[in-house]
Amino acid sequence: MSSATVGAVFVALGAAAALVGIGVVAFGLLGIHQRWWRDARWLAFATLGFSALSIIWMERALITRDFTVEFVAQHGSHQTSSIFNIATMWSALEGSILLWTFILCGYLVAVVVKFKDRHADAMLGFALLTLFFVTAFFFLLMVGPSAPFQSFDPPVGYDGPGPNPLLQSHILMAFHPPILYLGYVGFTVPFAFAIGALATGRVGEGWLLATRRWTVMAWGFLTLGIILGAWWSYETLGWGGYWAWDPVENASFLPWLTGTAFIHSVMVQERRGMLRVWNLSLVIATFALTILGTFITRSGVLESVHAFSNSAIGPMLLGFFGLIVLVSLVLIGWRGDQLRAPGRMDSPVSREGAFLANNVLFAAFAFVVLLGTIFPLIVEAVDGRTISVGNPYFERMTMPIGFTLLFLMAIAPILPWRKASSGVLGDRLIWPAWLGVGAIVLAVLVGARGWAPLLAFGLGGFAGGAALRQVVLATRRQGWRGLVGRTNGGMIVHVGVVLIAVAFAASNAYVHQSEFNLAPGETASIAGHTITYEGLSFREFANRTETRATVRVDGGQVYEPGIAVYTASGQVVGIASVRSTAFDDVALSIEQFPNDGTDRAVVRVTVQPLIVWLWVGGLIMAVGTLLAVLPGKRRQPTAPVSAPAVPDRVEVPA
Amino acid sequence: MTRRVASWLAVAMIGAAAFVYGAVDEGEPRTDSDRAYAISNTIGCPVCQGQSVVESNAPIAKSIRETIALRIDAGWTDAQIRAELRDSYGEDVDYTPSSEGITILVWILPVVAFAGAVAGLVVVFRKWKREGDLEASAADRKLVEAARALADED
């Protein structure tokens, strides 16, 4: 048996296990199969086992350069170094679906293990049915149009081209996709429970509590995945940017936006019993958007640097997306009566009012991003024009939303539930307000100008102050426990968000970029920095030749931006080099090397302030998420928290 | 005047003064290369997949960047440079969607949707306010009692 066949058998067995899983759970729910739970459990383990075997088999083929597997022949190479050799799997379409499926099976097994005591629960049954269904869909993609294991007959001495050189140039590429997928795929779990809740009619708070941590973890992975992607882009592409509002970036951002909205509005449902339809819709939208994102990335309908090769899985993914939306809408319509909220809001100036505003803003944000992403397709379909919707649109439309969100971040955490008086607000907000004003004054003193960035700094200081105030008060009251739990972890996440918002505003407003044509020994200056070009060096590697310039920044350390020419493909890839400090970054790349025998080079220099705080902010967000899922202050999960409020149960937020 | 009010007044005055100064004062003049970057960042490379001419290293992207620099030297306005690039390479090199024809919808739809959502919320809150507080029914009380009993057992 050829090794491609072995792999295909693993995939087929996984597909079979998932399909049988659907049947077993369905019969169990119908009451036909009494011991369905035991079988469903084993089938869940079987899907994980077979997807793990498929992955191991693929990695074995990649590591041993087994070119009889077509995927390896197309994307592997003897020249690729070992770490990127492993990462090659998720650098191309078929392997990425393989990884996706493996993670999905992992979540399926995690659900089966975690909820093993609740197997008599029909809601869990429907959730498992949904999970098996999604798992089967992805396995079937690999049986059909996106088969990773196809055989290839390599000629003697064959060597593959290796993965896209851009993906080989930075270690972050090995981590960004798997972490992103942990986020994307993680949203399948709350989605499955939402469907379970709708199907059983138990649309109250139960499903929310059951999946709260899962959602927050998935959200945290998605956040980290997006930040790592931005970091990779910044470190390797050499144009000084980290976010381009590219369709694929937007595709990852959309579920993040709806997921963020959900994480906040879910608290309103827990406390006040309201927003049930809205929360279900957000969970379903988040999952549906991950599938839509997969479609956008893998169908070739939108042009993007990230796009995988065009393939036949596009229609299947689009069909799956349509099915999810249709089934969900039908279920929500069917359960409409039970979804009517029993509660109401007393005042818009309250915690729940702030969460509602947060949701309107995040929904608007998601709408802008979705509309801008697909609008070129609509225009082309309607009147045949090809247009672009790019960064000026997204920045102009989302800036007011961003400012308002920062403002909300400042006041929402200190707002009490139900109603707030101006006295309470005045006392709690004064300290954060001073921090906001301090940020503006400091920014003006160091030379920052322009209303937009100054407003961002001021609101950032205000919001950061509010978050820090909560953390300080909580740790003073509870010691280290004041750092864990959803509320406290959430405030730490807020601090990370504020850092990113401030860094984003500063780096966009005060970017300076210039190209300098320099002979060895010549110096150029830009935005208070001096750049001295000292000469060239050449290096030979197994799979590429590098030409690097030696560039001294501010008379200090030497940096070596350059280009790499990959032998197999002839592809030329830039090598960026960045000098980072807490205050600003100097990013260097080489535009042009001399071809007339002289040593002149064109050096592109991008100076941007505060870049490093984007990554620090991302790290703080990840840490905050982790703290948020740790169990915090004990609260009875079954305790009634809706009105009528019992005074001793009312949590005083500060 | 209480201390709190005084404190808020001080915050507002210092904040407003610093903000207005920073917003009005022009600071260092914008250099030609800043202008060139700002334009290049919003012009798509005609042959690359969704990359701007800043991001791309394709020869045509470099040549467009050079053109932009030359036009700035020659004293053209941003709008003139953009118009020329649209004429030479097609409408879709401009990342800013125009406000002509159906393209204007991309600008208007979000605003309409947002205004609609806010208006809807205002209506709901007014309705809630008019209706006054809800009275808990006997069934509601029973539910709460049952839940409390369950909580006490744990």
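Every heavy atom of this structure was used, including side-chain atoms; hydrogens, water molecules and symmetry mates were not.
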How close do [X] and [Y] get, counting heavy atoms only, and between which atoms?
X      : Y      : answer
B/L121 : A/V360 : CD1-CG2, 3.4 Å
B/E55  : A/A244 : OE2-CB, 3.7 Å
B/R4   : A/D427 : CD-OD1, 3.0 Å
A/V444 : B/A18  : CG2-O, 3.5 Å
B/W8   : A/L425 : CZ2-O, 4.5 Å
B/D25  : A/R449 : OD2-NE, 2.5 Å

At a 4.5 Å cut-off on heavy atoms, which part of B/S98 comes close to chain A: side chain, backbone, both, or neither? side chain
Where on B/A10 is there a heavy atom nearer than 4.5 Å to chain A: the side chain, the backbone, both, or neither? both
Side chain from CB out, backbone as N, CA, C, O: work out which of these in [X] comes under 4.5 Å of a heavy atom of chain B, or both, or neither.
X      : value
A/L455 : both
A/V511 : both
A/V379 : both
A/Y393 : both
A/A433 : both
A/L429 : both

Got a second to check how far [X]'s [atom1] is from [Y]'s [atom2], nearest 0.5 Å?
X      : Y      : atom1 : atom2 : value
B/L109 : A/L371 : CG    : CG    : 6.0 Å
B/T31  : A/I526 : OG1   : CD1   : 7.5 Å
A/E591 : B/R65  : CD    : CZ    : 4.5 Å
B/F114 : A/M397 : CZ    : CE    : 11.0 Å
B/Y21  : A/L454 : OH    : CG    : 11.5 Å
A/F516 : B/S33  : CZ    : OG    : 6.5 Å

Heavy-atom pairs under 4.5 Å with chain B - which of [options] has more of them than the others?
options                        : result
A/L361, A/V382, A/I440, A/T386 : A/T386
A/G426, A/G372, A/S514, A/A364 : A/G426
A/W451, A/F457, A/W434         : A/W434

Carboxylate-amine/guanidinium proximity below 4.0 Å for B/K62 and A/E515: no
side-chain contact (heavy atoms from CB on, under 4.5 Å) between A/R396 and B/T96: does it pass, once the steps are laid out? CA-CA 10 Å; A/R396 209 171 299 166; B/T96 314; 4.0 Å; yes
Audit row: A/Q513, B/N41, side-chain contact (heavy atoms from CB on, under 4.5 Å) steps and yes/no: CA-CA 11 Å; A/Q513 186 173 87; B/N41 200 22; over 6 Å; no
Is there a side-chain contact between [X] and [Y] in this structure, where contact means two heavy atoms from C-beta onward sitting under 4.5 Å apart?
X      : Y      : value
B/R3   : A/I430 : no
A/V437 : B/F19  : no
B/D34  : A/H512 : yes

Interface check, chain A: of B/V106, B/V20, B/V118, most non-hydrogen pairs under 4.5 Å belong to B/V106
Kindly say whether B/Y95 contributes a backbone atom to a donor-acceptor pair with the side chain of A/S388 at under 3.5 angstrom? no
